[in-house]
Each structure stands twice: as C-alpha cells, then as structure tokens.
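This one's a predicted model, so the numbers in the text were calculated from it and none came from an experiment. Reckoned from all heavy atoms, side chains included, excluding hydrogens, waters and symmetry mates. Throughout, a chain's letter reflects where its sequence line sits, starting with A, and its residues are numbered from 1.
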Amino acid sequence: MVLPLSFYTREDVVRIARELLGKVLVTEFDGVRTAGMIVETEAYAGATDRASHAWNHRRTARTEVMYASGGVAYVYLCYGIHHLMNVVTHREDVPHAVLIRALEPLEGIEEMLLRRGKQSFHPSLTAGPGALSEALGIRTVHTGYSLLGPELFIEDRGIRVPAKKIVASTRVGVSYAGPDALRPYRFYIAGNNFVSKGKGLPLP
DNA sequence: CAAACGATTTTCT
DNA sequence: GAAAATCGTTTGG
C-alpha cells in the first residue's frame, strides 16, 4: 500500500527516518516505472538542527517547501550536479525532512542503467543520494510533488527490517554543523550492499 | 552584481 | 587518496 499522509505528518522525524528503511520508493514518469527499497536515510530536524537547510528558521525560495505539511518531496541541486531527494515531514511551518540516501533496485533496472549510463548492474547504480535520484529520474522540478502519487510515491510492501539490522550513525557531509554533526540521525540496513560508502563523524 | 560554496560522484594517480 | 566537475542558491558589497 502507498504510505498514507498520516505517516508523514507525525512529529518525530528521527522515527520516520528509521521507519522508512524497507519501504519502497517508486517513480512513474512518462509511464516509465522505477522502484527501489530504501536502505539508508538521514533525519534533518529543521530549525533546531544546524545541519538542516532550515536551521534557525532559514526560509528561502529553495527551502520554502520544507515548511509545507508532511508528505511532499524536497529536491535540491547539490554541487551543481546532483539532485538530492528528501521527504518533508511534520506539520506546516515545522521544516523537518528525511534525506533518502540509498536504494536497492527492485523494478525498472534497465531504465536505471540507461539513466545512469551504466553497462551492468552494480551497487553504484543507486548507492548514494545523487545516484538514486538519477536512477529514478528525480530532478529539482519534482520538488513539492506529493508523495501519495501518481508520479512519485512510497509504498509499504510488507518488508520487515529487524531492529537488529538497523544501524544508527552520524550524518554524512555535515561537519560544518558543529555539535549537531554528532547527532545519530543516519540510519541504514546492516550488511546491505546498496548502502552508500559515505562516512560521518565517529559516534562519541 | 560578484563571489563563494555545497546533505556528491567519478575519475585519475 | 586526492581532485575535478559544475551551477543554483545564498550571502556580502
């Protein structure tokens, strides 16, 4: 089933990040379907989190969509090259979000190879936030799109990720965030080949 | 209006 | 392991 709006509008963004592991992200642009199981996420706790684009209620044209009510996508361009996709959570005016960092491909692998310009199936196809966005055709034009479909949605297909397989660590690439860089807000499935190689700071 | 920079990935040594 | 690629967003003058 497609995750309902009530999944996204809850208050605990860290819990939502953890619960997104094992869910399936699907895109269907121009009738082409691609999908993958989420294996790595990061929570960004809005105004109180220095690592967040919305830290201290920073509000710009780019981050405006983070202030929407949960259940929409926040997609932005990083390093001029990579499109990074986030799930907006919580209620209106509370700019929480979860970055999707890695997927295990499930459907439309041929199309993913085409979009990524790859010859063969390899974890680098969808391991990493920029890579998975390219594989699924997600670009900044999709920011603000509903996560309830029809072109972009997340499903629960009954995949259960045992708590013992969920690892918490620090977030990748946020060392500028001072003490907040130490928050254990990154989650991934232990042993999954499609988890990105990115590293955060060592946990205290 | 100019300039620095980034929640990354790939390639080259 | 280091460095380049590449451009929209943000910030400072």
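Side-chain N/O atoms of A:Tyr185 include none lying less than 4.0 angstrom from OP1 or OP2 on B:dA7. OP1 or OP2 of C:dT10 sits under 4.0 Å from a side-chain N or O of A:Arg62. At C:dT10, one or more side-chain N or O atoms of A:Thr60 fall inside 4.0 Å of OP1 or OP2 (strictly under the cut-off). Within the structure, every side-chain polar atom (N or O) of A:Arg116 is placed at least 4.0 Å from both OP1 and OP2 of B:dT9. Regarding contacts with the backbone of B:dT8, a side-chain N or O of A:Arg101 is found under 4.0 angstrom from either OP1 or OP2.
As a whole-Å value, the separation of A:Tyr188 OH from B:dA7 P is 21 Å. Regarding A:Arg171, its CZ atom lies at a distance of 17 Å from the C1' atom of B:dT8, rounded to whole Å. Here the C1' atom of nucleotide B:dA7 and the CZ atom of A:Phe187 are 15 Å apart, to the nearest Å. Whole-Å rounding puts the A:His82 NE2 to C:dT6 P distance at 11 Å. For the pair A:Ile81 CD1 and B:dT8 C1', the interatomic distance rounds to 8 Å; values are reported in whole Å. With rounding to whole Å, A:Arg59 atom CZ is found 17 Å from C:dT9 atom C1'. We find that OH of A:Tyr76 is positioned 4 Å from C1' of B:dA7, with the value rounded to whole Å. Rounded to whole Å, atom P of B:dC5 lies 18 Å from atom CG of A:Leu77.
Here A:Tyr44 packs flat against the base of B:dA7; its ring centre is closer than 5.5 angstrom to the base's six-membered ring, tilted by less than 30 degrees.
In this structure, CD in A:Glu104 is found 5.0 Å from CG in A:Asn192, a value given to the nearest 0.5 Å.
For the pair A:Arg171 and A:Tyr185, the NZ or CZ position fails the cation-pi test of under 6.0 Å to the six-membered ring centre and within 45 degrees of the ring normal.
For the residue pair A:His122 and A:Ser124, a side-chain donor N or O sits within less than 3.5 Å of a side-chain acceptor on the partner. Using a 3.5 Å distance cut-off with no hydrogens or angles, the side chains of A:His53 and A:Tyr74 do pair a donor with an acceptor.
Scanning atom types as modelled, one donor and one acceptor separated by under 3.5 angstrom connect the side chain of A:His53 and the base of B:dA7.
Pairing for C:dT6 is absent, judged as Watson-Crick or G-U wobble with the two contacts each under 3.5 Å. Of the nucleotides present, none pairs with B:dA7 by Watson-Crick or G-U wobble criteria with both distances under 3.5 Å.
In this structure, A:Leu99 reaches the bases: a heavy-atom distance under 4.0 Å links it to at least one base atom across the strands shown.
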Under 3.5 Å, which donor-acceptor pairs do the side chains of residues 142-151 of chain A form with other protein atoms, sequence neighbours left out?
| residue | atom | partner | partner atom | Å |
| --- | --- | --- | --- | --- |
| A:His142 | ND1 | A:Arg139 | N | 2.9 |
| A:His142 | ND1 | A:Arg139 | O | 3.3 |
| A:Thr143 | OG1 | A:Val75 | N | 3.0 |
| A:Ser146 | OG | A:Leu148 | N | 3.0 |

